[in-house]
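Here's the structure, in C-alpha cells; my notes come after.
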Number of protein chains: 2
Amino acid sequence: MIKSFHPPLRTLMGPGPSDVHPRVLSAMARPTIGHLDPAFIGMMDEIKHLLQYALRTENPLTLPVSAPGSAGMEACFVNLVEPGDKIIVCQNGVFGGRMKENVERFGGVALMVEDAWGTAVSVDKVRHIMQQHDDIKALAFVHAETSTGVCSDARALCRLARDYGCLSIVDAVTSLGGIELDVDQWGIDALYSGTQKCLSAPPGISPVTFSERALIKISQRQTRVPSWFLDKNLVMGYWGGGAKRAYHHTAPVNALYGLHEALVMLQDEGLEQAWQRHALHHRALRDGLEAMGLQMAVAADVRLPQLNSVTIPEGIDDPRLRNALLERYGLEIGAGLGVLAGKVWRIGLMGSSCTQRHVMLCLDALENTLLELDGDIHGGRAAAAARAVYAETEH
Amino acid sequence: MIKSFHPPLRTLMGPGPSDVHPRVLSAMARPTIGHLDPAFIGMMDEIKHLLQYALRTENPLTLPVSAPGSAGMEACFVNLVEPGDKIIVCQNGVFGGRMKENVERFGGVALMVEDAWGTAVSVDKVRHIMQQHDDIKALAFVHAETSTGVCSDARALCRLARDYGCLSIVDAVTSLGGIELDVDQWGIDALYSGTQKCLSAPPGISPVTFSERALIKISQRQTRVPSWFLDKNLVMGYWGGGAKRAYHHTAPVNALYGLHEALVMLQDEGLEQAWQRHALHHRALRDGLEAMGLQMAVAADVRLPQLNSVTIPEGIDDPRLRNALLERYGLEIGAGLGVLAGKVWRIGLMGSSCTQRHVMLCLDALENTLLELDGDIHGGRAAAAARAVYAETEH
C-alpha cells in the first residue's frame with residue numbers, strides 16, 4: 001500500500017522551481033470551485049490584469065496557458081508558424097534548440113543563428129541573416145537563457161524584427177519578474193513565460209501574450225492550427241471575458257489560485273522593486289562567491305541576476321557536492337546542462353528564493369562543503385563580502 | 001490594487017470539478033520541491049503505480065499529462081493519427097465532436113458514427129462501418145459522455161476494434177473511478193482521463209495510458225508528431241523511470257501532490273468499493289428525484305451513476321433555478337450543453353461529491369427551490385425515498 005507523500009524540506013536555489021511563499025501555498029489549498037462559477041470568472045479577469053501589469057502590456061490576449069512553459073512555447077509557435085514559413089531561431093543554449101524543434105514540427109523552416117553557450121545572441125548576426133532574406137516571418141529567441149544564465153538584448157532584437165517587418169517570439173520563462181521586461185515598449189509580438197521562476201508560483205502554468213500584429217497573422221492563416229488545446233481562437237472564447245465566455249477546457253482552478261496570489265505579491269512589492277531586489281542579492285552572492293575564489297562563468301555585461309552560472313573548480317566531484325548540499329543542508333542548486341554539464345553550477349535567486357537569507361545560506365553551505373571536499377578555495381571570506389554589499393545598500 | 005482571492009464556499013455537484021477532499025487540498029499546499037529531486041522522482045513512480053491500479057492496466061506507458069483532459073485527448077490523437085489515417089469517431093455528445101476536431105487537425109479522416117445526444121454509441125453502427133472499410137486505423141469513442149450522462153459499452157466497442165485490427169482510443173474522463181473500467185481486460189489501446197471528476201483532485205492533469213499495440217503504431221510513424229510537448233517518445237524519457245530519466249518539462253509539482261493523495265485515497269477505499277459507492281448514491285438520488293416527480297433524461301440501462309441528467313420541468317426558468325441554488329445553498333449543479341441546453345440539469349455525484357450528505361442536500365435544495373418557483377412537483381417525499389435506499393443497503 002502506498003502512503004501519503006510528505007516532501008522533504010528544501011531550499012530551492014536551482015534553475016526553478018524556486019521556493020514558493022507560504023501565502024501562495026495556502027492559496028493553492030483553498031476549496032476548489034467551478035471553472036464557470038461567477039466568482040472564478042472574476043478571478044480570471046484579475047489574473048489577466050495582473051499579468052498585463054507584470055508584462056507591461058495592454059495586449060487583450062494575455063492569459064495563462066493551463067500547462068507548463070514548454071506548452072506556452074508551443075502555443076506561440078503552433079499559432080504563428082505555418083508550413084513553409086521561414087523563422088529565424090537564435091540558439092545560445094538548450095531552449096533555442098527546443099524552439100527549432102517547434103518550428104520544424106509545425107512545418108516551418110528554421111534559419112539558425114548560433115552563438116556559443118554562455119554568450120548572448122549576436123544582434124549583428126541576426127541583422128545579417130535578415131538582410132539576406134526578404135521573406136522571414138518571425139524572429140524567435142530566448143530573453144533569459146535558463147540553461148546558461150545569459151541575458152540577450154531583447155529590446156534590440158525586437159526592434160530589428162520590426163525594422164525588417166517580421167514578428168518577434170520571445171521566451172521570457174526566466175526573465176519575467178526578475179529583470180526588466182517591457183512587452184509593449186519593446187514591441188514584442190508573442191511571449192511565453194513560466195510561473196515557477198521569478199514569480200515563485202508552483203510550476204504548471206505558462207503566461208503568454210500576443211500583440212495585435214500577431215493576432216492579424218493568426219487571423220490570416222491559410223491552414224488550420226494543428227492543435228485544439230492551444231488554438232488561440234478557441235482559448236480566447238474562454239479567456240476573452242464578458243458575456244461571450246465559452247467553455248473550452250476545465251481551468252486548473254487551484255493552480256490559478258496560486259498564480260493569482262503570487263501576482264498579487266508582485267504587485268504589492270512593485271515590479272521595479274522586484275527587479276532591484278534581484279539585482280541586489282545577485283551582487284551579494286557574486287561578491288561572496290568571488291571572495292571564496294570561485295569564478296562566474298558568464299561575462300558581467302550579459303549575466304542574469306536571477307540565475308548565476310559558476311565555474312566548478314578543478315578537482316571537485318560535481319554530483320558529490322550537489323548531493324552533499326541536498327542531504328546536509330536541504331539546498332538544491334542546479335547542474336550544468338548540455339555542453340556545460342559538469343562544468344558549471346547554476347545558482348538561482350528567483351522570486352521568493354531571492355532574499356538575504358538565501359544568499360547567506362548558499363555561501364555558507366557551499367564554502368563548508370567545498371572545504372570538506374578539499375576544494376582549493378579561500379575559507380572565511382564569503383560571508384563578509386556579501387554582508388558588505390548589504391551594508392552599502394543600507395547607507 | 002487587487003487583493004488576495006478567497007473563493008466562496010460551494011458544494012460541487014455539476015459535471016466537474018467535484019468537491020476536493022481536505023486531504024487533497026492540504027497535499028497541494030505542501031512545500032514545492034524540485035522536479036528532479038530524488039524524493040519527487042520517487043513520488044512520480046508511486047503515481048504511476050496508483051494510476052495502473054485505478055485503470056487496471058500493466059501498461060508501462062501510464063502517466064499523468066501535465067495539462068487538462070483536453071490536452072490528454074490531444075496527446076492520444078497527436079501521437080496515433082497520421083495524415084490520411086481513417087479514424088472512426090463516435091459522436092453522441094459534445095466530446096465526440098472534439099475528437100473529430102482532433103483527428104482532422106492532425107490530418108486524419110474522421111468517419112463519423114452519430115447517435116442522438118442522450119443515447120449510447122451504437123455498437124451495430126460501428127460494426128457496419130468497419131465492415132465497409134478495410135483500412136480503419138482506430139476507433140475513438142467516449143466511455144462516459146459528460147455532456148449527457150450516458151455510458152457506452154466500452155468493452156464491446158474495444159473488442160470490435162480488436163476484431164477488425166484497429167486501435168481503440170477511449171475518453172474515460174468521467175468514468176475513471178466512478179464505474180467499471182478495465183484497460184487491459186477490455187483491450188483499450190489509448191485512454192485519457194481527468195483528475196477533477198471521480199478522482200476529486202483539482203483540475204489540470206490528465207492521466208493517460210497506451211498499450212503495447214499503440215506504442216508499435218507510434219514507433220512506426222512515417223511523419224513526426226506535430227507537438228513537442230505531447231510527443232510520447234519525449235515524455236517517456238521523463239516518466240520512463242530508472243537512470244534514463246531525462247529532463248523534458250517542469251512537472252506541475254503541487255498539482256501532482258494533490259493527484260497522488262487522491263489516488264492514495266482511492267486505493268485505500270478500494271476501486272470496486274468506489275464503484276459501488278457511486279452506484280448506491282445514484283440510486284438514492286434517483287429515487288428522491290423521481291419521488292419529487294422529476295424524470296431522469298437518460299434510459300436506465302445506459303445511465304451514468306456519477307452524472308445524472310434530469311429533465312427540467314415545464315415552466316421552470318433554468319438559469320434562475322441554478323442561480324438560486326448557487327446563491328442560497330452554495331450548490332453548483334450543471335446546465336445542459338448543446339442540444340440539451342435548457343432541457344436538462346446535470347447533477348454530478350463524483351468522487352468526494354458522492355456521499356449521502358451530498359444527495360440529501362441536493363434533494364432538499366432542489367425541492368425547496370422548485371416549490372418557491374411554483375414548480376409542479378410533489379413536496380415532502382424526496383428525502384424519505386432516498387433514505388429508504390440507504391436503509392435497504394444497511395440491512
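Chain naming here is simple, since letters A, B, ... match the order of the sequence lines and numbering starts at 1 in each.
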Engaged part of [X] at the chain A interface, taking heavy atoms whose separation is under 4.5 Å:
X        : result
B:Tyr257 : side chain
B:Gln196 : side chain
B:Val225 : both
B:Pro22  : neither
B:Ala71  : both
B:Asp19  : neither
B:Leu256 : neither
B:His260 : side chain
B:Ile33  : both
B:Gln267 : both

Kindly indicate whether the side chain of [X], heavy atoms from C-beta on, has any atom under 4.5 Å from the side chain of [Y].
X        : Y        : value
B:Ser70  : A:Thr250 : no
A:Pro31  : B:Arg10  : no
A:Leu326 : B:Pro38  : yes
B:Leu25  : A:Thr32  : yes

Before you tell me yes or no, could you show the steps for B:Glu101 and A:Arg224 under salt bridge (charged side-chain N to carboxylate O under 4.0 Å, His left out), namely the whole-Å CA-CA distance, both residues' side-chain angles and the distance that decides it to 0.1 Å? CA-CA 10 Å; B:Glu101 280 261 358; A:Arg224 215 159 167 200; 2.9 Å; yes
Mind ranking [options] by heavy-atom pairs under 4.5 Å with chain B and telling me who comes out on top?
options                             : answer
A:Val253, A:Leu50, A:Asp37, A:Val20 : A:Asp37
A:Val65, A:Leu9, A:Ile2, A:Asn254   : A:Ile2
A:Ala255, A:Gly34, A:Ser26          : A:Gly34
A:Pro15, A:Gly204, A:Pro226         : A:Pro226

Say you draw a straight line from NE2 of B:His249 to OG of A:Ser206; how long is it, rounded to the nearest 0.5 Å?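 B:His249 NE2 to A:Ser206 OG: 12.0 Å, rounded to 0.5 Å.
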Spacing of CZ belonging to B:Phe229 relative to CZ belonging to A:Phe77, to within rounding of 0.5 Å: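 Answer rounded to 0.5 Å: 15.5 Å.
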Mind ranking [options] by heavy-atom pairs under 4.5 Å with chain A and telling me who comes out on top?
options                              : answer
B:Ala27, B:Gly107, B:Pro7, B:Gly194  : B:Pro7
B:Met73, B:Met28, B:Met265, B:Arg23  : B:Met28
B:His35, B:Glu332, B:Met43           : B:Met43
B:Pro202, B:Ser227, B:Ala39, B:Gly69 : B:Ser227
B:Lys3, B:His49, B:Glu104            : B:Lys3

Flag, side chain of B:Arg30 to backbone of A:Pro8, donor-acceptor distance under 3.5 Å: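 No, B:Arg30 side chain to A:Pro8 backbone: no donor-acceptor pair under 3.5 Å.
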Quick one: list whatever passes salt bridge (Lys or Arg N to Asp or Glu O under 4.0 Å) with B:Arg221, sequence neighbours left out.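 In terms of salt bridge (Lys or Arg N to Asp or Glu O under 4.0 Å), with neighbours along the sequence ignored, B:Arg221 is linked to no residue.
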Distance-minimising heavy-atom pair for A:Ala251 and B:Pro203: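 Distance-wise, the nearest heavy atoms are O-CG, 3.1 Å.
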Minimum heavy-atom distance between A:Ala29 and B:Ala29, given as atom pair plus value: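 So the minimum-distance heavy-atom pair works out to CB-CB, 3.6 Å.
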Take A:Asp231 and B:Arg105 through the test side chain to side chain contact (heavy atoms under 4.5 Å, CB included) and record every step on the way to the result. CA-CA 11 Å; A:Asp231 186 324; B:Arg105 281 172 190 257; 2.8 Å; yes
Please test A:Glu74 against B:Trp228 for side chain to side chain contact (heavy atoms under 4.5 Å, CB included), starting from the C-alpha separation and ending with a verdict. CA-CA 7 Å; A:Glu74 197 150 316; B:Trp228 185 91; 3.5 Å; yes
Between A:Phe5 and chain B, which part of the residue has a heavy atom less than 4.5 Å away: side chain, backbone, both or neither?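 Both backbone and side chain of A:Phe5 come within 4.5 Å of chain B.
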